[in-house]
Chemist: 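This is the structure I want to talk about, given as structure tokens.
Note that these values count all heavy atoms, side chains included, but never hydrogens, waters or copies made by symmetry.
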Amino acid sequence: MRTTVINAGVPGDGTKVFLEKAEEILSLAKPPATVVLSMGANDCINPHRQIPFPQFRKNFREICKMIQAKGFHLINIIPPVILFDEFVQKYPEMKDAVDDGLEDLYLKYVDCTRAITEEFEIPYLDIFKIFSSISPLDRTESLTRNKQNCGAYDGIHPTPHGHILIGAMLYEKIRTLNYPQKTVLCIGDSLTHGYPLAGMGTVEGDNYPSAL
């Protein structure tokens with residue numbers, strides 16, 4: 001069966017922005033179809049998208065309910081692990097926030113996405129746990145971009161090999177769950193978009209939608 005994969009990831013998107021345009025994005029596919037959702041990090045760490053934790057929890061729950069209510073088969077991607085030492089090198093304006101406990105706050109947002117996902121019995125891919133268990137985040141072999149493996153500070157976004165792994169695991173999960181394979185709509189933030197890699201925003205680049 002030929003699969004149509006749609007990369008609808010937008011760098012910087014958070015739950016508030018997504019809810020404002022959800023109908024438009026979800027209209028890109030018609031049920032039955034599989035939707036892969038990757039969202040949550042920007043709501044905590046992006047100064048232009050930060051929202052209070054109670055609002056994030058409400059928004060994320062609403063998004064999951066909305067997608068399921070429309071008849072889509074939903075798979076969630078838990079937000080990625082972040083190497084905050086690199087994060088502040090890339091985004092020096094966030095140093096004060098990191099010093100004030102942003103890392104602990106981020107874990108709260110990550111745990112929230114996992115808890116709501118499990119509450120709604122949504123299948124998920126926990127790349128926070130997977131990436132952090134494979135190799136030290138600051139090493140060359142890390143699946144997270146860092147100074148050692150890409151020559152630039154990052155600490156958040158997956159490497160091309162990281163995206164290939166995400167795509168492979170998602171494919172296996174879709175197949176095992178017997179979820180619709182004709183159309184797969186990938187929505188979310190820069191992780192889905194594939195920033196800052198070649199072909200970002202397409203299904204012909206170094207991103208997990210391309211690997212599906």
Chemist: Test V36 against I187 for side chain to side chain contact (heavy atoms under 4.5 Å, CB included), laying out the working first.
Modeler: CA-CA 6 Å; V36 178; I187 57 182; over 6 Å; no
Chemist: How long is the straight-line distance from CG of L143 back to OG1 of T159, given to the nearest 0.5 Å?
Modeler: 5.0 Å
Chemist: Could you see if V17 belongs to whatever hydrophobic cluster contains I25? Use Ile, Leu, Val, Met, Phe, Trp, Tyr and a side-chain cutoff under 4.5 Å.
Modeler: no
Chemist: Taking NZ in K90 as the centre, count heavy atoms belonging to other residues, nucleotides or ligands within less than 6.0 Å. Is the count above 12?
Modeler: yes
Chemist: Quick one: CD1 on I122 to NE2 on H73, what's the gap to the nearest 0.5 Å?
Modeler: 12.5 Å
Chemist: Can you tell me how far apart CZ (R175) and CG (L177) are? Round to the nearest 0.5 Å.
Modeler: 10.0 Å
Chemist: If every non-hydrogen atom of H157 is compared with every non-hydrogen atom of S190, which pair is closest and at what distance?
Modeler: NE2-OG, 3.1 Å
Chemist: With clusters defined by side-chain heavy atoms of hydrophobic residues (ILVMFWY) lying less than 4.5 Å apart, directly or transitively, does M200 cluster with Y208?
Modeler: no
Chemist: Quick one: do the Y171 and Q181 side chains pair a donor with an acceptor below 3.5 Å?
Modeler: no
Chemist: Side-chain heavy atoms nearer than 4.5 Å, only ILVMFWY residues, links allowed to pass through others: does that put F60 and Y124 together?
Modeler: yes
Chemist: Search all heavy atoms of Y179 against all heavy atoms of P123 and return the closest pair with its distance.
Modeler: OH-CG, 3.3 Å
Chemist: Would you say that L107 contacts F128 through its side chain, given a criterion of any heavy-atom pair below 4.5 Å between the two side chains?
Modeler: yes
Chemist: Might you point out which heavy atoms bring G194 and N207 nearest each other, and give the distance in Å?
Modeler: CA-CB, 3.7 Å
Chemist: State plainly whether the residues D126 and R114 are in salt-bridge range, i.e. N to O under 4.0 Å.
Modeler: yes
Chemist: Any salt bridge linking E62 with R57? Criterion: basic side-chain nitrogen under 4.0 Å from a carboxylate oxygen.
Modeler: no
Chemist: I want to check a possible cation-pi pair here: K108 against F53, using under 6.0 Å from ring centre and within 45° of the ring axis as the test.
Modeler: yes
Chemist: For L125 and I166, what are the C-alpha separation, side-chain angles and deciding distance, and is it a side chain to side chain contact (heavy atoms under 4.5 Å, CB included)?
Modeler: CA-CA 8 Å; L125 193 63; I166 293 171; 4.0 Å; yes
Chemist: Do F72 and I77 belong to the same hydrophobic cluster, where Ile, Leu, Val, Met, Phe, Trp and Tyr are linked whenever their side-chain heavy atoms lie under 4.5 Å apart, directly or via other members?
Modeler: yes
Chemist: S210 and V203: which non-hydrogen atoms are nearest, and at how many Å?
Modeler: OG-C, 2.9 Å
Chemist: Rounded to the nearest 0.5 Å, what's the gap from OG1 on T192 to CG on N7? Could you check?
Modeler: 6.5 Å
Chemist: Has E119 got more than 12 heavy atoms of other residues, nucleotides or ligands less than 6.0 Å from its CD?
Modeler: yes
Chemist: For D138, is there any backbone N or O sitting under 3.5 Å from a side-chain donor or acceptor partner on S142?
Modeler: no
Chemist: Might you point out which heavy atoms bring L212 and C186 nearest each other, and give the distance in Å?
Modeler: CD1-SG, 3.9 Å
Chemist: Would you say Y195 and V5 are hydrophobically clustered, going by side-chain heavy atoms of ILVMFWY under 4.5 Å?
Modeler: no
Chemist: Exactly one of L102, D99, L83, V98 should register a side chain to side chain contact (heavy atoms under 4.5 Å, CB included) with V88. Which one does?
Modeler: V98
Chemist: With a 4.0 Å cut-off, would you call D13 and K21 a salt bridge?
Modeler: yes
Chemist: Have D85 and Q89 got a donor and an acceptor in their side chains that come within less than 3.5 Å?
Modeler: no
Chemist: Please test T144 against I156 for side chain to side chain contact (heavy atoms under 4.5 Å, CB included), starting from the C-alpha separation and ending with a verdict.
Modeler: CA-CA 6 Å; T144 300; I156 304 175; 5.6 Å; no
Chemist: Take atom CD of E121 as the centre, draw a 6.0 Å sphere, and report whether it contains more than 12 heavy atoms from other residues, nucleotides or ligands.
Modeler: no
Chemist: For the residue pair F84 and F87, categorise the inter-ring angle as parallel (less than 30°), tilted (30 to 60°) or perpendicular (more than 60°).
Modeler: perpendicular
Chemist: Ignoring hydrogens and geometry, is there a side-chain-to-backbone donor-acceptor pair from R49 to D43 under 3.5 Å?
Modeler: no
Chemist: Flag yes if more than 12 heavy atoms outside E20 fall under 6.0 Å of its CD atom; otherwise flag no.
Modeler: yes
Chemist: Taking all heavy atoms of L28 and all of A8, pick out the closest pair and write down the distance.
Modeler: CD1-CB, 4.0 Å
Chemist: Under the side chain to side chain donor-acceptor pair (under 3.5 Å) rule, what do Q50 and N46 come out as? Steps first, then yes or no, please.
Modeler: CA-CA 6 Å; Q50 284 175 323; N46 186 326; over 6 Å; no
Chemist: If you measure from the Lys or Arg side-chain nitrogens to the Asp or Glu carboxylate oxygens, is any gap between R145 and E86 under 4.0 Å?
Modeler: no
Chemist: Treating N146 as the side-chain partner and Q148 as the backbone partner, does any N or O pair qualify as donor plus acceptor under 3.5 Å?
Modeler: yes
Chemist: Checking side-chain polar atoms at under 3.5 Å, does N149 have a donor or acceptor matched by the opposite partner on T140?
Modeler: no
Chemist: Where the side chain of T176 meets the backbone of E172, is there a donor-acceptor pair that is under 3.5 Å apart?
Modeler: yes
